[in-house]
Amino acid sequence: MKLIYERSQAGRRAGRLPHYDLPKPELPEHLRRAAPPRLPELAEPELVRHFTALSDRNFGIDTGLYPLGSCTMKHNPRVNERVVALPGFRDLHPYQEDEGAQGALELMWNLQEILAEVAGLPAVSLQPAAGSQGELTGLMLMRAYFEDRGEGDRRDTIITADTAHGTNPASVTMAGFKLEKVETDARGNLDLADLRAKVSERTAGLMLTNPSTLGLFDEGIVEVARIFHDAGALLYYDGANLNAVCGISRPGDMGFDIVHYNLHKTFSQPHGGGGPGGGPVAVRDIVEPFLPSPTVVRDGDGFRLDHDRPKSIGRVRGFGGPFGVFVRSYAFIRAYGPGLKEMSETAVLNANYLLAQLKDTYELPYERHCMHEFVLSARSLKRDHGITALDVAKRLMDFDIHPPTVYFPLVVPEALMIEPTETEPKERLDEFVEVMQRIAREAAESPEVVKEAPHHRPVRRLDEVRAAKNPVVKYGFEEVTTPA
Ligand SMILES: Cc1ncc(COP(=O)(O)O)c(C=O)c1O
């Protein structure tokens with residue numbers, strides 16, 4: 001496919017700017033361009049064709065099944081886009097004074113209240129813009145909490161699971177803590193003996209996803225919480241997998257003190273490719289004084305931003321947070337109402353349906369019911385036929401199915417992490433099962449078909465290391481003399 005610069009023809013235009021009848025502003029000589037910018041020049045039909053062709057090459061939840069484990073790629077109800085585009089929301093200026101933004105503040109306050117109920121914790125900050133920023137905020141809150149108690153110097157270590165998402169150890173390091181990993185036991189729970197040996201008076205807290213990235217609910221969570229609380233440490237809940245438990249169990253009741261939500265997963269949102277996201281945090285009352293400032297508070301019949309928070313860790317993001325994400329999440333939650341529980345139950349049912357259909361074809365490392373996702377291993381395909389998890393993932397693309405998450409969590413060799421979500425109907429799940437079984441048969445009968453996949457996508461196998469290390473993100477004008 002040609003790049004837009006290669007389609008460019010000098011003098012073509014897709015639109016005309018209105019006539020400009022103001023005096024030309026005087027620009028100092030040193031700020032003036034020497035030559036006009038090199039922009040692509042196309043008429044509207046060619047421009048539309050270009051972007052339509054580009055969009056055709058993309059894959060999204062609107063194109064087909066997207067079982068990308070841990071990412072919760074669910075359908076985004078279109079009505080949410082209408083709601084977020086209402087002029088009162090869309091045109092609101094971030095510097096609007098509180099009196100002129102009562103509707104927006106009320107929405108944010110209501111969202112805080114609902115999120116607090118979902119987590120089972122009393123106070124919420126909407127500021128963080130993603131799960132990973134929620135993690136960093138949560139760890140900064142832990143630091144502030146221990147500093148306030150005079151334990152700041154001593155409590156320097158955070159414990160994570162060996163199944164933790166990569167952002168967990170990264171956040172620990174960014175927040176200036178030392179990292180310690182605890183092992184997973186044979187049932188897929190945290191290994192309590194290993195945990196007991198690692199928790200000490202230096203431990204500031206635990207970071208845990210529950211259900212874990214194996215899609216398993218930790219059966220020892222009450223004991224885990226006791227171990228940390230007895231040592232004076234706090235528990236942080238990575239809420240990336242909250243889609244499994246809404247209305248069923250609450251992190252606060254499990255013993256967690258700080259929780260982040262991934263609004264863009266659990267409560268829908270056209271995310272992927274870097275945004276937009278929302279990662280609010282909820283906290284227990286003992287951590288509340290340190291929440292980012294300002295928070296949205298109710299004041300009589302109205303709402304306002306509260307900046308008077310002397311112990312706050314300060315701002316973690318500009319203005320109130322990713323407001324469009326709040327509107328979509330709020331619309332999503334209100335549309336479900338008490339049915340949020342059904343959302344989680346259906347997500348869990350869909351995942352268990354797939355697991356039951358596939359566990360005889362692919363290896364199941366932990367013989368248990370799963371939550372909203374599960375991890376299979378392609379280890380036997382690799383051993384018997386030389387077909388890896390990556391090969392299976394690439395072959396799925398030939399059937400218009402987005403690959404699951406692969407090679408994660410690290411404790412499962414040749415991992416395929418599958419999350420169908422609640423928005424997939426049974427016939428789509430059955431199609432997925434059929435394709436996965438077909439790929440396993442192909443691995444035995446014609447492995448080269450799987451090894452060389454994808455066959456029907458715009459690009460075949462990429463040199464992924466080169467693409468990551470040497471990304472070409474700029475058009476090389478110098479190398480191209482005659483645009484075609
Ligand atoms: C388990 C887990 N934790 C944390 C994150 C980070 O969330 P975000 O991508 O919103 O920064 C993810 C993202 O996929 C995740 O799966």
Side-chain angles (χ1 to χ4, degrees), residues 61 66-74 76 115 119 125-140 158-175 179 181-182 184 188 190 205-218 235-245 251 256 258-282 316-317 321-322 324-326 328-329 347 351 370-375 402-412 415-421:
I61 184 66
Y66 206 136
L68 191 65
S70 211
C71 293
T72 314
M73 304 300 283
K74 62 170 77 173
N76 301 296
L115 293 177
S125 165
L126 296 175
Q127 273 187 28
S132 43
Q133 203 190 6
E135 292 172 26
L136 182 63
T137 305
L139 292 168
M140 287 161 68
I158 299 285
I159 295 180
T160 62
D162 58 2
T163 53
H165 189 258
T167 49
N168 291 183
S171 301
V172 170
T173 308
M174 277 182 77
L179 177 72
K181 285 205 177 168
V182 67
T184 299
L190 281 189
L206 168 77
M207 279 188 102
L208 191 69
T209 317
N210 194 26
S212 69
T213 60
L214 292 165
L216 300 175
F217 192 90
D218 198 300
L235 281 91
Y236 180 91
Y237 183 91
D238 171 341
N241 291 341
L242 206 65
N243 209 49
V245 296
F256 288 92
I258 307 173
V259 170
H260 89 244
Y261 314 77
N262 295 64
L263 292 183
H264 46 293
K265 298 181 181 183
T266 315
F267 305 120
S268 83
Q269 216 75 222
H271 71 290
V281 289
V316 297
R317 192 182 189 278
V325 176
F326 302 158
R328 289 191 195 88
S329 298
C370 65
M371 297 296 289
H372 66 308
E373 66 188 0
F374 59 101
V375 179
H402 193 282
T405 300
V406 289
Y407 298 105
F408 178 74
L410 304 176
V411 295
V412 175
L416 294 154
M417 187 208 252
I418 298 163
E419 179 180 4
T421 83

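Only this structure's heavy atoms are used, side chains among them; waters, hydrogens and symmetry mates stay out. Atoms within a ligand are numbered from 1 in the order they appear, just like the ligands themselves.
- Between Leu136 and Pro128 the shortest side-chain heavy-atom distance does not fall below 4.5 Å.
- In this structure, atom 6 (C) of ligand 1 lies nearest to the protein heavy atom Thr167 OG1, 3.7 Å.
- Of the protein's heavy atoms, His264 NE2, 4.3 Å lies nearest to atom 9 (O) of ligand 1.
- When hydrogens are left out, the protein atom nearest atom 16 (O) of ligand 1 is Ser70 OG, 2.6 Å; that is the closest non-hydrogen contact.
- The backbone N or O of Pro169 lies less than 3.5 Å from no partner atom in the side chain of Thr160, so there is not a single donor-acceptor pair.
- Of the residues listed (Lys74, Lys265, Glu373, Met371), the one engaging Asn243 in a side-chain contact (heavy atoms from CB on, under 4.5 Å) is Lys74, and it is the only one.
- Ligand 1 places these atoms under 4.0 Å from at least one heavy atom of Asn262: 7 (O), 8 (P), 10 (O).
- The distance from atom CE of Met140 to atom CD1 of Ile258, rounded to the nearest 0.5 Å, is 11.5 Å.
- Without hydrogens or angle criteria, His271 side chain to His264 main chain gives a donor-acceptor distance under 3.5 Å.
- Every atom of ligand 1 with a heavy atom of Lys265 under 4.0 Å away is listed here by number and element: 12 (C), 13 (C), 14 (O), 15 (C), 16 (O).
- Closest to atom 8 (P) of ligand 1 among all protein heavy atoms lies Gly131 N, 3.5 Å.
- Val411 is listed as a side-chain neighbour of Leu214, based on a closest heavy-atom distance under 4.5 Å.
- Residue-ligand proximity, Glu135 to ligand 1, at heavy-atom distances under 4.0 Å covers atoms 3 (N), 4 (C).
- In this structure, Tyr236 and His260 have tilted ring planes: the angle between them lies in the 30° to 60° band.
- Ranking protein heavy atoms by distance to atom 3 (N) of ligand 1, first place goes to Asp238 OD2, 2.5 Å.
- For ligand 1, the atoms closer than 4.0 angstrom to any heavy atom of Ala240 are 1 (C), 2 (C), 3 (N), 15 (C), 16 (O).
- Contact atoms of ligand 1 toward Ser132: 6 (C), 7 (O), 8 (P), 11 (O) (distance under 4.0 Å to a heavy atom of the residue).
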